[in-house]
J.: 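One structure coming up, written as structure tokens, with questions to follow.
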Protein chains: 2
Amino acid sequence: MAAPRLRRSQKERSEQTRSALLDAAIALIHEKGLAGTSTSDMAEAAGVSRGALTHHFKSREDLIAAAVEHMLLIAIEELRTFTKGFIAQNGSSDDIVDFLWDLMNRRLFIVTIEIMLEARHNPAFLDTVRPVVREWHQALDNIWNQLADRYGVEPEFARALMNGTLCLIRGMIAQSIIRVDPAYYAGLLDFWKRDVRAQLAGDKPGTVIPLGSAPRVAR
Amino acid sequence: MAAPRLRRSQKERSEQTRSALLDAAIALIHEKGLAGTSTSDMAEAAGVSRGALTHHFKSREDLIAAAVEHMLLIAIEELRTFTKGFIAQNGSSDDIVDFLWDLMNRRLFIVTIEIMLEARHNPAFLDTVRPVVREWHQALDNIWNQLADRYGVEPEFARALMNGTLCLIRGMIAQSIIRVDPAYYAGLLDFWKRDVRAQLAGDKPGTVIPLGSAPRVAR
DNA sequence: ACTTAAAAACCGTCATGCTTGTTTGTTTTA
DNA sequence: TAAAACAAACAAGCATGACGGTTTTTAAGT
């Protein structure tokens with residue numbers, strides 16, 4: 001944005017500052033943590049005054065909640081786009097695992113865990129974010145069902161498998177905060193992808209066995 | 001503690017207040033989050049004055065770090081005790097999964113994730129907690145090795161499997177913050193336990209197949 | 001087209017409350 | 001009597017929400 005347009009409609013002005021604040025909030029929560037992100041920080045990062053912030057959001061918490069909703073709605077959109085492509089191109093379960101890993105690794109996991117930890121002891125905040133989180137899980141269920149269809153397994157089974165995938169990814173990212181070791185995580189993910197493949201092919205016994213990245217030793 | 005002993009040695013007094021502060025810190029971090037835990041809170045919860053707190057710890061961060069170390073050392077001790085029992089009683093991989101789930105679910109995961117999120121953007125703090133985290137992982141590796149021995153698989157393989165277990169558990173607890181559904185988590189854990197069993201029995205093809213809790217449908 | 005009044009967006013200051021670390025004083029033990 | 005443990009008051013800083021004032025846009029009205 002070289003030179004801001006000299007004349008913008010009220011709606012444009014409003015939407016632009018609002019949007020800038022939402023983006024800044026997410027970026028700051030990711031970078032400095034929720035507790036380390038003050039309203040002044042957010043206003044400054046968004047390039048607006050603190051007064052503008054208070055004009056658009058009635059409290060800090062209100063802004064945070066809106067920012068999280070904003071982020072999740074975008075993620076849901078990405079997920080839906082991916083799902084369409086997945087169906088169209090006959091994707092494999094590996095693609096889903098990779099996609100979720102990338103998606104969560106950007107900012108999604110860190111920001112959501114910051115939010116969840118706050119929500120854990122702030123019931124009002126929890127109620128605020130609950131609806132959009134529900135929407136997120138519905139979008140996930142949708143792709144799980146597509147997967148079940150594709151591999152001819154029970155939806156229940158696919159859901160368990162994929163929820164497990166998400167949990168594993170969450171846990172891996174959590175660990176990656178202190179243990180920086182891309183190869184380790186890549187290995188773990190490969191391990192899991194093979195496992196998922198085998199699980200989905202479970203009705204064809206012959207193909208199931210070769211899991212795990214390391215050779216086994218006779219007992 | 002009805003009536004505090006009227007006469008305690010300096011060492012006793014010191015150790016008692018120190019210990020009370022460490023315990024209070026962990027309890028409060030678990031209950032109200034790291035950011036929501038002030039030095040006044042900790043002193044009050046420990047039943048000592050804030051002056052006593054500042055006498056024993058040179059800063060809030062110093063106390064927090066000591067408390068985390070305290071917590072992890074206890075967890076390491078528990079892990080070692082369990083490992084001994086595991087070997088003595090010829091335990092199964094299920095026992096390990098159950099043990100880790102219980103252990104992490106008490107306070108360990110929530111508190112560590114609070115700490116890790118802080119450490120993520122506070123290098124000095126990260127350096128402080130790193131050594132004890134390393135010790136924790138060494139204790140874990142130890143039990144992984146025992147497991148590998150027991151099932152006659154490559155240590156590398158057992159480590160991958162068990163690190164995956166830990167990641168899964170972490171992710172599950174993270175999700176459990178917003179989704180309260182014990183049956184769901186129990187199911188996921190069963191699912192995983194079966195998978196681990198199959199993986200460890202991987203060199204005996206015939207026994208591998210029946211994973212997953214839901215029946216499969218022909219394609 | 002031009003003026004003008006209202007509304008919306010925006011800005012900056014102020015008051016309040018909380019937190020931390022410091023410091024000075026008191027009690028308990030050695 | 002000295003030192004350690006403990007207690008309480010103090011000072012400085014920061015964050016939030018409130019508030020009064022300013023600029024920009026909109027919508028009439030003529």
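Small disclaimer: the values here were computed from a predicted structure and weren't measured. We use all heavy atoms of the structure for the numbers below, so side chains are in, but hydrogens, waters and symmetry mates are not. Below, read A as the first sequence line, B as the second, and so on, with proteins coming before strands; counting in each chain starts at 1.
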J.: How many Å lie between CD on Q16(B) and P on dT29(C), as a whole number?
T.: 11 Å
J.: Taking the nucleotide of DNA chain D with the closest heavy atom to each, which residue, R13(A) or R13(B), is nearer the 5' end?
T.: R13(B)
J.: Is there a side chain to side chain contact (heavy atoms under 4.5 Å, CB included) between L140(A) and M162(A)? Walk through the geometry before answering.
T.: CA-CA 9 Å; L140(A) 283 171; M162(A) 286 297 113; over 6 Å; no
J.: Give the residues of residues 54-68 of chain A touching DNA chain C, defined as any heavy atom closer than 4.0 Å, sorted by residue number.
T.: H55(A), H56(A)
J.: Without hydrogens or angle criteria, can the side chains of S38(B) and D41(B) be said to hold a donor-acceptor pair below 3.5 Å?
T.: yes
J.: Among dT25(D), dC6(D), dT28(C), which nucleotide has an atom closest to any side-chain atom of Q10(A)?
T.: dT25(D)
J.: Contact between H56(B) and L63(B) at the side-chain level, heavy atoms closer than 4.5 Å - yes or no?
T.: no
J.: Does a nitrogen or oxygen in the side chain of T39(B) sit under 4.0 Å from OP1 or OP2 of dT20(C)?
T.: yes
J.: To the nearest Å, give me how far apart CD (E44(B)) and C1' (dA8(D)) are.
T.: 15 Å
J.: dC6(D) P sits how many Å from L21(B) CG, rounded?
T.: 9 Å
J.: Counting primed atoms plus P, OP1 and OP2 as sugar-phosphate and everything else as base, spell out the protein contacts along nucleotides 13-18 of chain C at 4.0 Å heavy-atom distance: B, S or - for each nucleotide, 5' to 3'.
T.: ------
J.: Do the side chain of E12(A) and the main chain of S9(A) share a donor and acceptor less than 3.5 angstrom apart?
T.: yes
J.: In the structure I gave you, are the side-chain heavy atoms of W101(B) and F109(B) within less than 4.5 Å of one another anywhere?
T.: no
J.: Starting from C1' on dA15(D), measure out to CG on L34(A) and report it in whole angstrom.
T.: 14 Å
J.: Do N163(B) and Q175(A) have side-chain atoms, one donor and one acceptor, less than 3.5 Å apart?
T.: no
J.: Not counting sequence neighbours, which residues clear side chain to side chain contact (heavy atoms under 4.5 Å, CB included) with D127(A)? List them please.
T.: R130(A)
J.: Is D94(B) paired with R194(B) through a side-chain N to carboxylate O contact shorter than 4.0 Å?
T.: no
J.: What is the distance, to the nearest angstrom, from the CG atom on L53(B) to the C1' atom on dA5(D)?
T.: 13 Å
J.: Measuring only between side-chain heavy atoms, which start at C-beta, is W144(B) closer than 4.5 Å to P155(B)?
T.: no
J.: Assign S49(B) to base, sugar-phosphate, or nothing according to its heavy-atom contacts below 4.0 angstrom with the strands shown.
T.: base
J.: R8(B) has an atom CZ; how far is it from atom C1' of dA4(D), in whole Å?
T.: 13 Å
J.: In whole angstrom, give the distance that lies between atom CG of D41(A) and atom P of dA15(D).
T.: 7 Å
J.: Among dA9(C), dA30(C), dC10(C), which nucleotide has an atom closest to any side-chain atom of S9(B)?
T.: dA30(C)
